[in-house]
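Notes follow the structure.
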Amino acid sequence: MKLKAVCMDSSNSSNSTSSKIAHLVYNGKTVELPVLSGSEGPEVLNITNLYNELDVFTFDPGFTSTASCSSNITFIDGEKGRLLYRGYPIQDLAEYCDFLEVAYLLLYGELPNIQKKDMFIESISRHTLVHEQISNFYRGFRRDAHPMAIMVGVVGALSAFYHDSLDIHDEEQRKIASIRLIAKMPTMAAMAYKYSMGQPFIYPKNNLCYSSNLLRMMFAVPCEEYLINPVLVRAMDRILILHADHEQNASTSTVRLAGSSGANPFACIASGIAALWGPAHGGANEAVLNMLYEIGNVDRIPEFIKRAKDKNDNFRLMGFGHRVYKNYDPRATVLRHTCHEVLDELGIKNDPLLNLALELERIALQDEYFIEKKLYPNVDFYSGIIFKAMGIPTSMFTVLFAIARTVGWIAHWQEMISDPTQKIGRPRQLYCGKSEREFVSLQKR
Ligand code: CMC
């Protein structure tokens, strides 16, 4: 069997879609594969007709060479460490915007003017409360339940409460469901935390900004005045901005796949939360802290670096490496700075955990193994340390990531549903099981 692909430019313009054609020769038959060009990033071979024409599938577990969709939302250049939301560098958005401004940008494609921003904030504020009966859900969980387990359940259960925003073919209902999800996530997350602490739920206060509200609902108690710390609010807002979207990662792809079947938005976002929970994805910020506790002190770093490099040991340095970034994660650069701001504000000097983290970072960045494999600290490396300094328990780290990523999930879900060419996602497989065989009755086995 022969497989050969050649790419030819058949027009003067190298940029326009389908100006180039790749030819794939297989078993003596040639098929033309249009070459698609996006606005940034590598060209993409369109293989949608491959099976029809050649009777073969492509094999790409983990999607390392496969674009699952086209999208206008986020662009990552992993080699150069660039991340753009709707064309804007993440560093600028983190510096100059607040979270809801960035949410508006991701959802609608442009930064809002003052009037549009105010209207958006107003619509989010109107939906921060959850149906009172939802609090009964929490009481059904064990007090020691992981808050991500609670979030998967409660967010999925929203579809049992908001029947007027389940019709995915109605644009207005899709919009209301999106606003409801973004508005209610902090309320539901804070309720999960309060439930685990045995403290009363704190209702949202709509004159506060998104991040102040979140911190207040988590940390206020009815018997005391809660003082808002602007440095911590800004840090939380930055973390939310940096985590809001990251193109076709595992959880976003999960939301798209679930949504492609026509599932309702609350169910889709619940599926995203489930996918985010894994330690290779959103669960990594929690795993970073657990790893730092396990290492314990600076003297033991070499032992753990050795383990991370050992192929027979499944230990990995949590918070290092990324499927797409083969350079410093630009989000990590912003958070490294924020991390120091927060520690200064809280008067945390010589924090042993932060010292351990920074020493780990220094050693890993000089180590041949990490250099050769281009394993740099990722965003989770620093977010965990900031959350810990703020007094947020490790089990809540991924929940906060989920609050931020809800915006990205919804933007992708909306983009997919609005695409008239959208189809149900249905990958194929390379079957390696038994070929057809004769059935043997129970008595003869
Ligand atoms: N520590 C030690 N070795 C590593 C690490 C690490 N953290 N990450 C990758 N490697 C090695 C891996 O063993 C492999 O070596 P070899 O080529 O010899 O087999 C090589 O580097 C490539 O790794 P991979 O697993 O093929 O790469 P991937 O793209 O499938 O994995 C990753 C990406 C993020 C899952 C992985 O780097 C990892 O497990 N990191 C730790 C968990 C983590 O921090 N996750 C958060 C990701 S950022 C948040 C998000 O966007 O969700």
Side-chain angles (χ1 to χ4, degrees), residues 60-66 73-79 81-85 90 148 239-255 272-292 294-295 301-336 357 360-361 363-387 394 397-409 412:
D60 184 20
F63 301 106
T64 50
S65 296
T66 298
I73 302 171
T74 290
F75 174 70
I76 306 173
D77 180 340
E79 292 299 325
R82 285 167 71 218
L83 169 61
L84 312 178
Y85 288 171
I90 192 69
M148 282 298 274
I239 291 176
L240 296 181
I241 291 171
L242 297 173
H243 285 83
D245 194 40
H246 216 223
E247 52 117 307
Q248 312 308 323
N249 54 82
S251 58
T252 303
S253 301
T254 303
V255 170
I273 297 173
L276 185 74
W277 194 1
H281 189 11
N285 50 16
E286 182 176 347
V288 168
L289 257 270
N290 292 336
M291 175 191 74
L292 293 175
E294 196 189 344
I295 297 176
I301 293 178
E303 175 196 331
F304 281 84
I305 296 268
K306 196 169 162 216
R307 283 186 59 194
K309 296 195 278 188
D310 182 356
K311 286 277 150 269
N312 300 316
D313 189 329
N314 58 14
F315 172 80
R316 284 187 168 199
L317 271 198
M318 287 294 139
F320 278 79
H322 199 277
R323 168 62 61 82
V324 183
Y325 293 117
K326 302 302 167 202
N327 201 323
Y328 225 91
D329 177 343
R331 303 168 301 171
T333 314
V334 175
L335 272 200
R336 190 174 205 264
L360 185 65
E361 181 201 26
I363 295 177
L365 287 178
Q366 287 175 0
D367 190 288
E368 208 35 58
Y369 173 93
F370 289 87
I371 295 169
E372 191 216 313
K373 294 190 188 304
K374 299 183 176 172
L375 300 170
Y376 294 88
N378 58 48
V379 67
D380 293 310
F381 189 70
Y382 297 105
S383 61
I385 299 164
I386 299 176
F387 286 150
T394 43
F397 290 4
T398 316
V399 175
L400 298 172
F401 189 162
I403 294 175
R405 190 55 60 86
T406 296
V407 170
W409 292 331
H412 282 272

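Values reported hereafter were calculated over all heavy atoms of this structure, with side chains retained and with hydrogens, waters and symmetry mates removed. Every number for a ligand or one of its atoms is a count from 1 in the order of the listing. Keep in mind the model is a prediction, meaning the values are calculated, not measured.
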For this session: Please confirm whether Phe370 comes within less than 3.5 Å of ligand 1 when only nitrogen or oxygen atoms on both sides are compared.
Result: no
Exercise. Is the shortest N/O to N/O distance between Asn378 and ligand 1 below 3.5 Å?
Worked result: yes
Rounded to the nearest 0.5 Å, how far apart are [atom1] of [X] and [atom2] of [Y]?
| X | Y | atom1 | atom2 | answer |
| --- | --- | --- | --- | --- |
| His243 | Arg405 | NE2 | CZ | 7.5 Å |
| Asn249 | Thr74 | CG | OG1 | 9.5 Å |
| Ile90 | Phe75 | CD1 | CZ | 14.0 Å |
| Glu361 | Leu317 | CD | CG | 11.5 Å |

Check each atom of ligand 1 against the heavy atoms of [X] and keep those under 4.0 Å away; list them by number with element.
| X | value |
| --- | --- |
| Ala284 | 43 (C), 44 (O), 45 (N), 46 (C) |
| Ala308 | 2 (C), 3 (N) |
| Lys311 | 13 (O), 15 (O), 16 (P), 18 (O), 19 (O) |
| Ala280 | 45 (N), 46 (C), 47 (C) |
| Gly319 | 43 (C), 44 (O) |
| His281 | 46 (C), 50 (C), 52 (O) |

Mind checking whether [X] and [Y] have side chains closer than 4.5 Å, heavy atoms only?
| X | Y | value |
| --- | --- | --- |
| Val407 | Asp245 | no |
| Gln248 | His412 | yes |
| Leu83 | Arg331 | yes |
| Phe304 | Glu294 | yes |
| Leu335 | Phe381 | no |
| Met148 | Glu286 | no |
| Ile239 | Leu400 | no |
| Leu360 | Leu292 | yes |

Any idea which protein heavy atom is nearest [atom], and the distance to it?
| atom | value |
| --- | --- |
| atom 36 (C) of ligand 1 | Arg316 NH1, 3.3 Å |
| atom 11 (C) of ligand 1 | Tyr369 OH, 3.4 Å |
| atom 51 (O) of ligand 1 | His322 NE2, 3.2 Å |
| atom 40 (N) of ligand 1 | Phe320 O, 2.9 Å |
| atom 34 (C) of ligand 1 | Gly321 O, 3.8 Å |
| atom 33 (C) of ligand 1 | Arg323 N, 3.6 Å |

I need the contact type for [X] against ligand 1. Using non-hydrogen atoms and a strict under-4.0 Å cut-off, is it side chain, backbone, both or neither?
| X | answer |
| --- | --- |
| Leu375 | side chain |
| Phe381 | neither |
| Lys309 | neither |
| Lys373 | side chain |

Less than 4.0 Å from [atom], is there any heavy atom belonging to the protein?
| atom | answer |
| --- | --- |
| atom 22 (C) of ligand 1 | no |
| atom 26 (O) of ligand 1 | no |
| atom 30 (O) of ligand 1 | yes |

Exercise. Above 12 or not: heavy atoms from other molecules or residues under 6.0 Å from CG of Asp60?
Worked result: yes
Exercise. In terms of heavy-atom contacts, does CZ of Phe315 have more than 12 from other residues, nucleotides or ligands at under 6.0 Å?
Worked result: yes
Problem set entry | Pair Tyr325 and His246, ring centroids less than 6.0 Å apart | yes
Exercise. Does Phe315 come within less than 4.0 Å of ligand 1, judged by its heavy atoms?
Worked result: no
Exercise. Closer than 4.0 angstrom: is that true for some heavy atom of Asp380 and an atom of ligand 1?
Worked result: yes
Problem set entry | Nearest neighbour of atom 42 (C) of ligand 1 from the list Met318, His243, Arg307, on a heavy-atom basis | Met318
For this session: Out of Val379, Asp367, Leu317, Ile76, indicate the one that has the non-hydrogen atom closest to atom 1 (N) of ligand 1.
Result: Leu317
